[in-house]
Amino acid sequence: MAAVCSIVFLFVGVGYAFPGESAGGAGVTGSWLSILPPLVAIGIALLFRQVLFALFLGIWCGAFLIGDLSFSGVFTSFFTTLSGYIVPATADVSHMSIIVFTLLIGGMVGIITDNGGTRGVIQNITRYVRTKVHGQLVTSLMGFIVFFDDYANTMVVGNTMRPLTDKLRISRAKLAYLVDATAAPVATIALVSTWIGAMVGFIADAEEKMPKFNESAYAVFINSLPYNFYAFFTIFFVLLIAWSGRDFATMLKARIKLYKAKHDPTLDTYNLWKDKIEDDEKKKTVSHWSNAAVPIGTLILGTVAGLLVTGEGGTVQSIIETADSYKALLWGSLLSIVVAIVMTLARRLLSVDELLEGMMEGMHTMFDGLLILVMAWALSAITVELGTADYLMSVFGDTLNPFWLPALVLVLSALTSFATGSSWGTMGILMPLVVPLAWEIGNNSGLPFEMTHEIIYASVSAVLGGSVWGDHCSPISDTTILSSIATQCDHVEHVNTQLPYAMIVGGISISGMAGILVFGIPWWIIYPLGIAVIAGIIYRFGEVPDPEEYTPEGKEAAMTSLD
């Protein structure tokens with residue numbers, strides 16, 4: 001209630017400041033006011049831990065700023081929030097494709113869970129994966145297997161590994177981090193993925209504004225890879241944090257809470273200790289691993305086949321670049337749920353009623369996350385209409401210089417992605433602005449041809465890496481939300497626990513970007529230095545908490561030692 005009152009007072013204040021003006025007339029577009037909607041949504045989400053409520057208030061704030069800035073506009077914008085932004089967000093073909101894809105994945109997961117296939121897979125994996133470290137490493141490495149699309153990566157890895165990580169008592173927050181941190185970073189450096197077409201397209205759009213620049217967009221992307229410090233450092237951070245078994249900051253607190261929950265049911269948010277109940281154990285069905293592996297394999301192969309069918313060209317690279325990833329994801333998910341249904345009925349694992357019930361339950365688990373996703377899309381549309389990215393660019397525009405440009409662009413891209421919740425949106429907005437700017441600055445400053453190209457490559461990676469960095473930190477990001485959906489982790493908890501890890505990698509990436517251009521340190525030196533810093537932080541601040549310390553006996557022993 002306090003949040004609603006606060007935002008109404010904010011609306012009224014803005015209305016008095018710009019009485020009776022529209023967004024364009026009052027100069028709201030591209031001004032400091034354009035960052036208010038995402039700030040309201042992010043602030044309230046983190047403060048009250050109510051994401052849907054926060055997103056609605058952020059959209060309402062944006063609708064008011066775009067509409068009539070008056071007292072009456074406070075009330076008219078309330079209805080525009082739904083009819084003008086939230087509903088149209090679902091009408092977008094690509095958005096609806098993601099919604100349907102997610103529901104189909106949920107239905108397939110519900111079926112293979114109820115038919116016992118998932119437990120069959122876990123039973124086989126646990127023959128080799130018996131520790132938390134092994135579980136975390138397998139989860140991380142699976143992110144490299146499903147490298148071709150971040151959405152498919154998140155949904156497949158999250159849903160497949162969740163039963164195993166639950167059994168190993170790995171916190172849902174840790175699972176969500178491992179899934180999220182190996183999705184977009186891998187996609188941004190993969191030579192063949194659904195991201196390639198978009199990223200190369202953004203670079204090509206930028207090159208149209210760069211006279212006498214003749215290098216192909218794909219070549220620019222390849223040459224920019226060594227400068228994508230955020231992607232590579234994130235991947236190393238994930239692998240080392242998994243292999244070391246250590247955690248720190250909010251992730252450590254989530255882990256300790258899980259250990260305490262064994263003896264305090266009020267802390268068992270995700271019922272991870274519930275399977276110790278004997279009656280629950282008897283209800284669980286275990287069937288052959290193929291009942292889950294085949295539908296999941298169908299999803300992966302079906303999606304890849306869809307990419308090949310919808311793409312054009314004589315090479316795999318060109319086919320993937322031109323493919324329709326949304327169609328491919330839909331086809332793959334549809335095939336997977338059909339295969340799951342046919343196998344379940346053919347092997348008489350479930351009755352028709354039981355199968356449909358499992359499918360609907362699986363879809364239902366996706367519902368809350370999809371609501372968040374739709375509202376995040378609506379807020380993203382508002383930030384585009386208000387020119388939030390343009391404002392951020394104008395703030396930093398006067399401070400840019402040739403050698404500091406990539407480092408500053410990295411920060412700007414992260415801020416834009418954080419505020420808009422869209423890594424692709426940030427790439428699409430900033431790439432055509434930043435890359436020609438780097439070209440012009442290099443030419444006007446009289447820099448050598450090779451140095452100008454190096455700044456361009458670094459700037460391209462700064463946009464790509466910064467977009468993913470901000471995406472990882474933003475509670476309104478679609479991929480962050482999907483990671484929460486796939487792992488069934490509380491969304492705010494996922495954001496809070498992932499944030500410290502992402503900020504550390506982001507900070508090291510800024511240092512690397514500045515080091516390579518400002519101080520002339522070669523990239524092949526920066527990477528070992530960055531890896532050493534990451535390892536030092538993990539081993540200096542990370543801990544491996546002993547579950548026994550959080551049992552009643554452990555607490556009693558600790559109190560005795562203090563006495």
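The structure presented is a predicted model; accordingly, all values stated were derived computationally and were not measured.
Shortest non-hydrogen contact noted between Val460 and Ser224 is CG1-OG, 3.8 Å. Ala407 and Ala514 make their closest contact through CB-N, 4.3 Å (heavy atoms, listed as atom of the first residue, atom of the second, distance). In plain terms, the two heavy atoms of Cys61 and Leu36 that are nearest each other are SG-CB, 4.1 Å. Scanning both residues, Arg246 and Gly542, for their nearest heavy atoms gives NH1-O, 3.0 Å. Nearest heavy-atom pair across Pro406 and Ile455 is CG-O, 4.1 Å. The shortest heavy-atom contact between Leu137 and Leu239 is CD2-O, 3.9 Å.
In this view, Trp439 and Phe213 satisfy the ring pair (Phe, Tyr, Trp, His ring centres under 6.0 Å) rule, not counting sequence neighbours. Phe237 is linked by a ring pair (Phe, Tyr, Trp, His ring centres under 6.0 Å) to Tyr501, counting only residues two or more places apart in sequence or in another chain. Listed by chain and number, the residues in a ring pair (Phe, Tyr, Trp, His ring centres under 6.0 Å) with Phe519 amount to none (sequence neighbours excluded).
In this structure a side-chain-to-backbone donor-acceptor pair under 3.5 Å is missing from Thr298 to Ser336. In this structure, the side chain of Ser417 engages the main chain of Ser467 through a donor-acceptor pair within 3.5 Å. Of the possible donor and acceptor atoms, one in the side chain of Thr165 sits under 3.5 Å from a partner among the backbone N and O of Arg162. At least one donor-acceptor pair under 3.5 Å links the side chain of His95 to the backbone N or O of Ala89. In this structure a side-chain-to-backbone donor-acceptor pair under 3.5 Å is present from Thr250 to Asn496. A donor-acceptor contact shorter than 3.5 Å is absent between the side chain of Thr160 and the backbone of Val157. Under a 3.5 Å cut-off, the side chain of Thr480 and the backbone N or O of Ile476 do not form any donor-acceptor pair. In terms of modelled atom types and a separation under 3.5 Å, the side chain of Thr90 and the main chain of Val87 share a donor-acceptor contact.
No side-chain heavy atom of Val435 sits less than 4.5 Å from a side-chain heavy atom of Val220. Put simply, the side chain of Cys489 does not reach to within 4.5 Å of the side chain of Leu175, judged on heavy atoms. Side-chain contact check for Leu447 versus Pro402: some heavy-atom pair is nearer than 4.5 Å. Annotation: side chain of Thr188 is not in contact with side chain of Phe232 (no heavy-atom distance under 4.5 Å). Looking only at side-chain heavy atoms (C-beta outward), Pro448 and Thr452 stay at 4.5 Å or farther from each other. Residues Ser483 and His494 are in side-chain contact: their nearest non-hydrogen atoms beyond the backbone lie under 4.5 Å apart. The shortest side-chain heavy-atom distance between Val309 and Trp331 falls under the 4.5 Å cut-off. Within the 4.5 Å cutoff, no side-chain heavy atoms of Met108 are placed close to those of Ser333.
The distance from atom CD1 of Ile516 to atom CD1 of Ile526, rounded to the nearest 0.5 Å, is 4.5 Å. With values rounded to the nearest 0.5 angstrom, Glu493 atom CD is found 8.5 Å from Met251 atom CE. Note that the CD atom of Gln136 and the NZ atom of Lys174 stand 3.5 Å from one another [nearest 0.5 Å]. Considering CD of Glu207 and CE of Met431, their distance stands at 10.5 Å, rounded to 0.5 Å. Summarising the geometry, atom OH belonging to Tyr457 is positioned 8.0 Å from atom OH belonging to Tyr227; distances are rounded to the nearest 0.5 Å. Atom CG of Asn443 sits about 9.0 Å away from atom CZ of Phe449, to the nearest 0.5 Å.
Ring centroids of Phe418 and His472 are separated by 6.0 Å or more, keeping the two rings apart. Less than 6.0 angstrom separates the ring centroid of Phe229 from the ring centroid of Tyr527.
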Criterion side chain to side chain contact (heavy atoms under 4.5 Å, CB included) on Tyr539 and Ser244, from CA distance to verdict: CA-CA 8 Å; Tyr539 280 92; Ser244 68; 3.6 Å; yes
Criterion side chain to side chain contact (heavy atoms under 4.5 Å, CB included) on Leu104 and Val100, from CA distance to verdict: CA-CA 6 Å; Leu104 289 174; Val100 174; 3.9 Å; yes
Derivation and outcome, side chain to side chain contact (heavy atoms under 4.5 Å, CB included), residues Ile189 and Ile235: CA-CA 11 Å; Ile189 61 174; Ile235 291 170; 3.6 Å; yes
Check against side chain to side chain contact (heavy atoms under 4.5 Å, CB included), Ile485 and Leu482: CA-CA 5 Å; Ile485 295 174; Leu482 282 176; 4.0 Å; yes
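Tyr177 pairs with exactly one of Ile241, Thr497, Thr139 by the side chain to side chain contact (heavy atoms under 4.5 Å, CB included) rule, that one being Ile241. Screening Val179, Ile105, Leu299, Thr154 for a side chain to side chain contact (heavy atoms under 4.5 Å, CB included) with Asn159, the sole residue that qualifies is Ile105.
Judged by distance alone, the side chains of Asn223 and Glu454 never bring a donor and an acceptor atom under 3.5 Å apart. At a cut-off of 3.5 Å, with distance as the only test, a side-chain donor of Asp471 or Ser477 sits close to an acceptor on the other residue.
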